[in-house]
Structure formats: structure tokens, C-alpha cells
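So the structure is just underneath, and the comments pick up after that.
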Amino acid sequence: MSSFLPTPLGYKALLLVPAVVYLLITACWRHRNADPLTGDETFYLFVSESLVDDFDVNVKNNLQKFGFRSAHLQESQSLEGPHGWFSVHNLGLSALVAVPWAVRGAWGARLAMALCCGLAAPVLYRAINRVWNCPRNSFLFATALALGLPFVQSCNQIYPDLLAGILLLFTAEQALAAQPTVSPIRWPDLLLPAALAFLPWLHIKYVAPALIVLTWHADTTRGRRCLTLATAVVASLVLLAWYNAYAFGKMTGPYTDDGLLLERNSLIVLLGLHFDQAQGMFLQQPLWLLGVVGLGPMWRCCRRACLWWMLLYAATIVPNAMHPNWYGGYSYLGRFGATGVLLWVIPLACGARQLFADGKWAPAALALMSLALQAWLANHWLRADRLQFGCLFPEDVFTCHSIYPNALKSYLPYWLPDGAVWRYPANFAALTIAGGALIFGATVALFASEQTQEDVSRRAARASVSVRHECRRGKAA
């Protein structure tokens, strides 16, 4: 039977399948005229228009081209600075889709985003295999996750959240793989500084995660690699501060004190980003709950990495919960959780490694069940009139559609900015399930047989030896 299974190289080639699916979804929506520009997408594209047509980022005339002639819209999405009008959105995403926008307009930009998000499956695979050291099961889980929510619905959306999540997971995975000694340069070492340096240009809120990852690397590695990362991140931040000072007259950019609000609804939105039936990552893809189970094993086997992971995850999810536009406003469902959700793959791999250490078919069965659920969900949300988009105004939240059929809506958790959430039984059931998963994982890690722990440690040691052997072979070459 094993002769019919792909080789590790075959698994890596099959990881391109999700990217093909993303392109097909983009083409399908284009054919149905079901891909309108929503929320801030237009405002990212008028910066791309300025880059292509005027070779600058002064957007005064580009706002008028897009039809935003009213003073209110101009002032809400751009500000007049010492040298003209500049968009309040960071330039990274607009620059990334500028050429595709020039070639094929909004559809070209969506195709470019779909290709970029196609990197999700390979990055997920690398992270899982880094922990599990099992190419077959890593491929199954990476594919099941990449072909589920939020990826399939947000793959072509012109927002920075999912792309930032992919970059953060890549940099975090490299921190897990970092060696305390100097090693030969490998291709991820060339991409790592660029990924970290690009994050602050996607959005100012990614400055803190980038600095956390940089510190994580400094904690696990030494020498040339750490110096290169620090130089790239510092240079990026200095350049960003210079641009903000040039465009807005201050190094902090266009942001004000009311950009983040700490209030009662912040806790509700934070819980909703995990458990809401429309916005919650664990309701969109229940397979992520295996990451909650994996926190216990991760804490036991690599406590230092677990602490860094928790700090990084908090830096990505908490600011989104404090944003005044609940759940990201009028944009795709789960947008504000899209960055942090990818980070769950690290404890997920720890939990899967602990639970399925000797299992051959259980991981495949779990992945197939996940794919079946996602196909069933897609049959519902793809047919919805408003597709995957959230609500434009807070008062519409209560009438928003769910990703689940109407017959199930009353039985699933709602985490809406209203006091009624604390009287809704399904919300407490969701918290109980998550708490049970956490306790179960901690119990499994605490009382696992010594033989299982030795097998897991031996497998991790073999992965480390393989990495060192590859480094020595590259040095000899």
C-alpha cells in the first residue's frame, strides 16, 4: 500500500492544489459578477492607481478618478499632509498589487492575491512537518486546512490580514527551526528578513508582531542570521517612520488615540473571533480546536517556544478585538481572525503528534472529515446573496447571515456586541468545549506514557539531526 503513496517531493508538489482552487474560485466569482469591491479594497486600489499612473502616492487626483469627490470620504480615507494628500492605509499591499491592477484591473489584483495566498499550504506544511516530522500526515493536515475557511473565502480579497498571517507563520516556523550556532545559509534565510521587514508596511499593527518574532529569533539563534534580521527590521521601521513624517507630519502616521478602544465589547469581540458562528475561527474550521488540545503538549515539550507563541498570538488578535469597527466592518467573515488563525497550526501539530504518534489512518480520517465539513459549509455560504461579507453597520449585526444553514443558527454561539451574549446557552457551551479541549490536552501531556514521550523526543531528535546533516552537506558543497 505504501508504494502508492506520494514521496515527500510528491507531497510538496500536491501542495499547489489549494492555489489552483483559489484561482478557480476567483474566476468563478468573476464569471458570476459576484466579486464587488467591498470596504477598504477600493482605497487600497486607488493607491495602486497612483503608483501606476503618477509614480507617486499622492492620491488627491486618484480619489476623484474613483468617484470619491465628497470631502467626507476624502478625509476619512486620506489626509492632507505637508506634501499633499496621502492614504491612511499602509503602502505594502497597494504596491504588491499595483502591476496586476495595471494589467487587468480589480480582477488582476484579485488573481495576484489568490496566488499570494496559495503560499498558505506550503507554509502550513513546513510548520506542521517541523513539529511532527511526518510528511504524509503533515500534507493531509495542511491541505485540509488550506482548503477550508477562512482561506477559500478570503483568498482573493484585497486585504492584508491573511497575507500577514502567512508571513508571520513562516517567520515563526523559522524561529522554531533556528539553531543556536552558526549554520550555512539556506533559502528560507534569504526570505526571512524580507518577510519580517515587509510586515509593518502591510499595516502598522504588525509592527509589534514583527518585533516579537525578531526577539524570538534573537532568543534562539546567534551571529550573522540574527544581525541580518535586526538590520532588515530596523531599516524597514526607519523608512516607514520617514514616510509617515513626510506624508502626515509625524512618524507615527495617520493614526489617532481612538484607533483602539478598550471596553466591554472588546472582550465580546475577542471571544467572537474564536467562537462566533459567522466570525469565529473555531466555528469556521473546527480542526483548529486540535490546536487548543495541543497547547498542553507544546507547553510540556517546548515551554520557551510556547511562551513566545502565546505572546505573538496575543499581539495579533487583541488589537483586532479592540478595533472600533467590530469584526472588521464590511469585509469577509473572519477577517480579523485571519492573521492569528494560522499561528494555531504550531500547537495543532504538537497535539496531533501527541495524539497520533502511532496512528496511520486516524489523521487521514480526521482530514477527510474536515474536508467534508468544508464542502458542506461551502454549499451554503457560496449560495448566500451577500456571499461571505459581514455587516456594514453595527445595527445590522443581528440580522447578518451565518456560515451555517438557518436551521442551525439558533443552536450555535452568537458573540455580538450586546449584553445578551451572556444569557445565550450556546455561548457557554462553546467556552466549555474549548476549556475541555485545553484540559484534555494538558491531561494527555501530563499522563502520557514515558514510551510515548520517548518516541516523540526521538522523532524530534531525528528531525534535528537531519537538519544539521543537511547544513553540513551544504557547507561541504
Side-chain angles (χ1 to χ4, degrees), residues 5-28 96 110-157 159-174 176-177 187-188 191-192 195 281 284-288 290-291 294 332 334-335 337-353 363-364 366-375 377-378 388:
L5 295 176
T7 63
L9 180 60
Y11 290 128
K12 293 178 182 179
L14 289 174
L15 290 171
L16 298 176
V17 171
V20 175
V21 173
Y22 300 161
L23 292 174
L24 291 175
I25 291 175
T26 305
C28 178
L96 187 67
R110 292 201 184 281
L111 288 174
M113 292 302 300
L115 286 174
C116 290
C117 292
L119 297 172
V123 173
L124 287 167
Y125 171 83
R126 283 182 61 88
I128 299 173
N129 199 48
R130 178 71 62 190
V131 176
W132 203 347
N133 192 32
C134 180
R136 171 184 175 271
N137 291 337
S138 300
F139 163 75
L140 290 173
F141 274 67
T143 304
L145 293 170
L147 290 178
L149 295 170
F151 302 98
V152 290
Q153 69 173 6
S154 60
C155 58
N156 54 27
Q157 302 298 296
Y159 289 96
D161 304 80
L162 188 56
L163 179 59
I166 295 172
L167 296 178
L168 275 177
L169 178 58
F170 171 71
T171 57
E173 181 266 330
Q174 289 298 300
L176 290 175
W187 69 264
L191 298 179
L192 186 57
M281 58 184 73
Q284 290 189 348
Q285 172 58 281
L287 190 58
W288 292 118
L290 188 56
Y332 63 86
R335 174 193 161 197
T339 302
V341 71
L342 280 96
L343 297 176
W344 278 105
V345 78
I346 297 176
L348 181 148
C350 293
R353 185 184 66 178
L366 195 60
L368 289 175
M369 290 170 58
S370 175
L371 289 172
L373 174 63
Q374 293 301 321
L377 288 176
Q388 75 275 24

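Being a predicted model, the structure only gives us computed values, none of them experimental.
Every residue meeting the side chain to side chain contact (heavy atoms under 4.5 Å, CB included) condition with Val21, not counting sequence neighbours, appears here in chain and number order: Val17, Ile25, Leu147. Looking at residues two or more places apart in sequence or on another chain, you find a side-chain hydrogen bond (donor to acceptor under 3.5 Å, both in side chains) between Thr26 and Asn156. Residues meeting the side chain to side chain contact (heavy atoms under 4.5 Å, CB included) test with Ala19, sequence neighbours left out: none. For Ala372, there are no side chain to side chain contact (heavy atoms under 4.5 Å, CB included) partners two or more places apart in sequence or in a different chain. The ring-ring contact (aromatic ring centres under 6.0 Å, His included) check on Phe151 picks up nothing, with sequence neighbours excluded. By the side chain to side chain contact (heavy atoms under 4.5 Å, CB included) test, Met281 pairs with His274, Tyr313, Ile317, Val341, Trp344, sequence neighbours left out.
Gln285 approaches Leu149 most closely through the heavy-atom pair CB-O, 3.5 Å. Ala144 and Leu287 make their closest contact through CB-CD2, 4.3 Å (heavy atoms, listed as atom of the first residue, atom of the second, distance). Closest approach of Val152 and Ala146 over heavy atoms only: CG1-O, 4.2 Å. In terms of heavy-atom proximity, Val131 sits nearest to Ala349 at CB-CB, 3.7 Å. The minimum heavy-atom distance between Pro18 and Ala121, with the atom names listed, is CG-CB, 3.8 Å. What you find for Leu23 and Ala114 is that their closest heavy atoms are CD2-CB, 3.9 Å.
No side-chain heavy atom of Val345 sits less than 4.5 Å from a side-chain heavy atom of Phe141. Between Ser154 and Tyr159 the shortest side-chain heavy-atom distance does not fall below 4.5 Å. Side-chain contact between Leu167 and Val123 is absent, with no heavy atoms from C-beta onward closer than 4.5 Å. In this structure, the side chains of Arg335 and Gln157 stay at 4.5 Å or more apart for every pair of heavy atoms. The shortest side-chain heavy-atom distance between Leu342 and Leu168 does not fall under the 4.5 Å cut-off. Side-chain contact between Leu371 and Gln374 is absent, with no heavy-atom pair separated by less than 4.5 Å.
When atom types are taken as modelled, the side chain of Arg126 and the backbone of Phe170 share no donor-acceptor pair closer than 3.5 angstrom. In this structure, Glu173 contributes its side chain and Leu124 its backbone to no donor-acceptor pair below 3.5 Å. Looking at Thr339, its side chain does come within 3.5 Å of a backbone N or O of Asp161 through a donor-acceptor pair.
Going from atom OH of Tyr22 over to atom CD of Gln153 covers 11.0 Å, rounded to the nearest 0.5 Å. Separation of atoms CG (Leu16) and CG (Leu119) is listed at 10.0 Å; rounding is to 0.5 Å. Here the OG atom belonging to Ser370 is positioned 11.0 Å from the CG atom belonging to Leu140, to the nearest 0.5 angstrom. Here CG of Leu169 is found 5.5 Å from CD1 of Ile346. Values are rounded to the nearest 0.5 Å. In this structure, the separation between SG on Cys155 and CG on Leu162 is 8.5 Å, given to the nearest 0.5 Å. Residue Leu368 holds its CG atom at 12.5 Å from CG of Leu373, rounded to the nearest 0.5 Å.
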